[in-house]
Visitor: 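Take a look at this one; I'll ask things after.
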Amino acid sequence: KRNLFLSIKELHLFNRRLFNDRLNLMLIAAINPCPCGNYPDMNNCTCTAEQIKRYLGKISGPLLDRIDICIETPKITYDELSNASGTSRSRGWTGSSALREMVLGAVEMQRDRYKGTAIDFNSQLGPGEIDKYIELGGMEKRLMEEIYEKMHLSARGYHRILKVARTIADIDGKNNIETSLEGYVCNKTSKIKEFTRTYKIESVKQDNDEKISEKEQSQNNEKEKKVN
């Protein structure tokens, strides 16, 4: 298999037929919350609920089920933008050089773990191998059962959470996966589905209906003024 790193700016416009099983693919993709890109800022968003639903509906469920982590990037303030280094320090963000060392340490842990096998990284684990290499305690098993039932996960989604949790634990230099880590990974892996399935469509519809109502009321008032 060939290794490929792919970065996509507008995921919903990407031709899914370009994906195939002959590639070891690392995908980083981005998508706007709506066609105009301004939701949930209802003062600037011009989209209707149907437009947002149609826009997000272009991303298939099977593709979403293969995305490991989704991060929402909220609008930043002017102070954060003009003082990026200070913001990073105040929020306790890890610098790129330190993060690189953590990642290299995780790679080394995985090399030791899978020595003598055909596996290089956690992402390559199959269902049977997950049972062997990712051991959960009693609390972790109960949490995963709760997550599986509440989120109606597919088998792939369930295994994805475990593999991502194992990788983050490796980055932190931990041998065991903790419940807090599973909860964090569950939150980050579910964001993309929550985002595309609903993304507060009813809220958008209500807000837009109110906008339309206010606009119509304003037009009617103007008409009455002209008549008088």
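Residues take their numbers from the sequence shown, with the count starting at 1.
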Visitor: Give the minimum heavy-atom separation between Cys36 and Cys45, together with the two atoms involved.
Guide: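 Smallest interatomic distance, heavy atoms only, reads SG-CA, 3.7 Å.
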Visitor: Which value, rounded to the nearest 0.5 Å, describes the distance between Glu50 atom CD and Lys53 atom NZ?
Guide: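 NZ of Lys53 is found 6.0 Å from CD of Glu50.
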Visitor: Suppose we screen for side-chain hydrogen bond (donor to acceptor under 3.5 Å, both in side chains). Which residues come up paired with Tyr114, at least two apart in sequence or across chains?
Guide: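 With sequence neighbours excluded, Tyr114 shows a side-chain hydrogen bond (donor to acceptor under 3.5 Å, both in side chains) to Asn122, given in chain and number order.
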Visitor: By side chain to side chain contact (heavy atoms under 4.5 Å, CB included), which residues pair with Gln124, not counting sequence neighbours?
Guide: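 Ile119, Asp120, Phe121.
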Visitor: Apply the test side chain to side chain contact (heavy atoms under 4.5 Å, CB included) to residues Ile28 and Phe5: give CA-CA distance (whole Å), side-chain angles for both, the deciding distance (0.1 Å), then the verdict.
Guide: CA-CA 8 Å; Ile28 296 179; Phe5 175 85; 3.6 Å; yes
Visitor: Taking atom CD as the centre, does Glu145 end up with more than 12 heavy-atom neighbours from other residues, nucleotides or ligands that are less than 6.0 angstrom away?
Guide: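 Result for CD/Glu145: open.
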Visitor: Would one find more than 12 heavy atoms of other residues, nucleotides or ligands at under 6.0 Å from atom CE of Met26?
Guide: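 Atom CE in Met26 is not crowded, with 12 or fewer foreign heavy atoms closer than 6.0 Å.
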Visitor: Side chain to side chain contact (heavy atoms under 4.5 Å, CB included) with Arg100: which residues, sequence neighbours excluded?
Guide: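 So Arg100 forms a side chain to side chain contact (heavy atoms under 4.5 Å, CB included) with Leu104.
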Visitor: Would you check if the side chain of Glu101 reaches a backbone N or O of Ala98 as a donor-acceptor pair within less than 3.5 Å?
Guide: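 Flag not set: sc Glu101 to bb Ala98 has no pair under 3.5 Å.
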Visitor: Do Leu6 and Ile67 share a hydrophobic cluster, counting only Ile, Leu, Val, Met, Phe, Trp and Tyr and linking them when any side-chain heavy atoms are less than 4.5 Å apart?
Guide: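 Both belong to a single hydrophobic cluster.
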Visitor: In chain order, what residues pass the side chain to side chain contact (heavy atoms under 4.5 Å, CB included) check against Ile130, with sequence neighbours excluded?
Guide: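 Once residues adjacent in sequence are excluded, the partners of Ile130 under the side chain to side chain contact (heavy atoms under 4.5 Å, CB included) criterion are Leu125, Ile134, His159, Leu162, Lys163.
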Visitor: Set out, in order, the CA-CA distance, both residues' side-chain angles and the distance that settles side chain to side chain contact (heavy atoms under 4.5 Å, CB included) for Asp170 and Arg113, then state yes or no.
Guide: CA-CA 11 Å; Asp170 289 344; Arg113 181 181 300 130; 2.7 Å; yes
Visitor: Let me confirm one number: the OH-CD1 distance from Tyr55 to Ile31, rounded to the nearest 0.5 Å.
Guide: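 Separation between the atoms: 5.0 Å.
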Visitor: I need the Ser7 OG to Leu27 CG distance, nearest 0.5 Å.
Guide: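 Between Ser7 OG and Leu27 CG, I get 8.0 Å after rounding to 0.5 Å.
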Visitor: Distance from Arg54 atom CZ to Leu56 atom CG, nearest 0.5 Å?
Guide: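 If we round to the nearest 0.5 Å, Arg54:CZ and Leu56:CG are 11.5 Å apart.
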Visitor: Tell me, please, which residues at least two apart from Glu146 pass salt bridge (charged side-chain N to carboxylate O under 4.0 Å, His left out).
Guide: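 Residues passing salt bridge (charged side-chain N to carboxylate O under 4.0 Å, His left out) with Glu146: Lys150.
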Visitor: Does any donor atom in the side chain of Asn38 or Asp41 lie under 3.5 Å from an acceptor atom in the other side chain?
Guide: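 Their side chains do not contain a donor-acceptor pair, so the 3.5 Å distance test is not met.
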Visitor: For Pro33 and Ile52, which heavy atoms make the closest approach, and how far apart are they?
Guide: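 Looks like O-CG2, 3.9 Å.
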Visitor: Quick one: pull up CG in Leu143 and CD1 in Ile161 and give me the separation to the nearest 0.5 Å.
Guide: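 Those atoms lie 9.0 Å apart.
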Visitor: Can you tell me if Asn32 uses its side chain to pair, donor with acceptor, with the backbone of Cys34 under 3.5 Å?
Guide: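 No, the answer is negative, given that no donor and acceptor are paired below the 3.5 Å cut-off.
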Visitor: Between CD1 of Ile177 and CE of Met139, what distance do you get to the nearest 0.5 Å?
Guide: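 Answer for the CD1-CE pair, Ile177 versus Met139, is 14.0 Å.
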Visitor: What residue pairs, at least two apart or across chains, pass salt bridge (charged side-chain N to carboxylate O under 4.0 Å, His left out) with a residue in residues 102-112?
Guide: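 Only Glu108-Arg111 qualify under salt bridge (charged side-chain N to carboxylate O under 4.0 Å, His left out).
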Visitor: Please assess Gln110 against Thr167 for the test side chain to side chain contact (heavy atoms under 4.5 Å, CB included), listing each intermediate value before the final yes or no.
Guide: CA-CA 9 Å; Gln110 291 174 41; Thr167 298; 4.3 Å; yes
Visitor: Would Asn175 and Met109 satisfy side chain to side chain contact (heavy atoms under 4.5 Å, CB included), going step by step from the backbone distance to the final call?
Guide: CA-CA 9 Å; Asn175 291 321; Met109 284 184 71; 4.1 Å; yes
